[in-house]
Enquirer: 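Below you will find the structure I want to go over with you.
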Amino acid sequence: MKPLVAGNWKMNGLKASLEEAIKVDEAYEDRLQEAVDVMICPPALLISAMANQVNNIAVGAQDCHAAQSGAHTGDIAAEMVVDAGGNAIIVGHSERRADHGETNETVAAKAEAAKRAGATAIICVGETQGEREAGDALTVVLSQVKASIPSDAAASDIVIAYEPVWAIGTGLTPTVDDVEEMHTAIRSTLNERFGAGGDLIRILYGGSVKPGNAAELMAVPNVNGALVGGASLKADDFKQIFAVYG
Ligand code: PGA
């Protein structure tokens with residue numbers, strides 16, 4: 001399947017940062033377009049401008065509200081993301097689960113909203129350091145996968161991003177064996193749910209993906225791309241990551 005490398009800018013970037021997205025767009029030449037999908041998820045206020053200024057890469061959002069409209073001050077609806085030119089929405093990032101108390105149920109409702117609006121939901125899952133040390137990583141992550149996918153989702157509606165919480169922004173990464181074990185287990189869970197359709201769902205790895213480790217991580221079986229935080233902010237770093245598929 002065609003891998004996806006998505007950049008998550010988090011709460012970083014002003015209008016001037018669109019320059020970086022334009023550089024990424026220019027570096028994503030024909031040969032790479034055939035090999036890998038590339039996306040940037042900027043802060044919501046930049047989605048529209050970015051979508052207008054890039055030609056080849058996709059643009060996504062970092063979150064949405066479950067409802068289509070209403071009295072939800074400060075929130076944005078999935079329909080607004082699509083209206084602004086986004087075609088995917090990250091839901092359930094660990095920072096949202098931790099900082100905003102999002103549960104698997106909230107995340108499933110947001111993924112449902114993405115589908116309603118016609119956007120792909122990039123559903124994030126991942127264990128904390130304590131959960132891994134206690135030997136609970138598989139149990140925690142697989143239960144997040146099961147409970148965060150909406151009940152009427154189709155395989156083509158979703159992407160899963162496995163991001164160990166302790167690897168995000170820390171420079172630490174799991175061993176390739178640990179990544180393979182987790183991604184293989186997630187694949188089995190998707191196959192239980194979707195049958196052979198589960199093979200079509202991209203499972204991204206995220207957490208301290210950098211130019212120096214991308215080739216090794218992206219070569220792991222059942223790793224179908226990356227969700228990249230810090231290293232997506234600079235075009236020079238980000239393009240080295242998706243260029244591993246070139
Ligand atoms: P990082 O973030 O690449 O900076 O570790 C990844 C993410 O949180 O999506």
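Order of listing sets the numbers, starting from 1, for every ligand and every atom in it. Values reported hereafter were calculated over all heavy atoms of this structure, with side chains retained and with hydrogens, waters and symmetry mates removed. Along the sequence shown, residues are numbered consecutively beginning with 1.
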Enquirer: Name the residues in contact with ligand 1, where contact means a heavy atom under 4.0 Å away: which are they?
Expert: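 The 4.0 Å shell around ligand 1 contains Asn8, Lys10, His93, Glu163, Ala167, Ile168, Gly169, Gly207, Ser208, Leu227, Val228, Gly229, Gly230.
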Enquirer: Evaluate whether atom CD of Glu105 has more than 12 neighbouring non-hydrogen atoms of other residues, nucleotides or ligands under 6.0 angstrom away.
Expert: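 Yes, enclosed.
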Enquirer: Could you tell me which residues satisfy side chain to side chain contact (heavy atoms under 4.5 Å, CB included) with Pro3, sequence neighbours excluded, listed by chain and number?
Expert: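 Partners of Pro3 by the side chain to side chain contact (heavy atoms under 4.5 Å, CB included) criterion, ordered by chain and then number, come out as Val36, Tyr245.
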Enquirer: So does Asn224 get a backbone contact from the side chain of Arg202, meaning a donor-acceptor N/O pair under 3.5 Å?
Expert: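 Not a single qualifying donor-acceptor pair exists.
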Enquirer: Considering only residues two or more places apart or on different chains, which pairs with a residue in residues 220-229 satisfy salt bridge (Lys or Arg N to Asp or Glu O under 4.0 Å)?
Expert: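 Those involving residues 220-229 do not exist here.
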Enquirer: Side chains of residues 77-89: which donor-acceptor pairs under 3.5 Å do they make with residues two or more places apart or in other chains?
Expert:
residue: Glu79; atom: OE1; partner: Arg116; partner atom: NH2; Å: 3.0
residue: Glu79; atom: OE2; partner: Arg116; partner atom: NE; Å: 2.7
residue: Glu79; atom: OE2; partner: Arg116; partner atom: NH2; Å: 3.4

Enquirer: Can His93 and Glu163 be counted as having a side-chain donor-acceptor contact under 3.5 angstrom?
Expert: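 Present: a donor and an acceptor within the cut-off.
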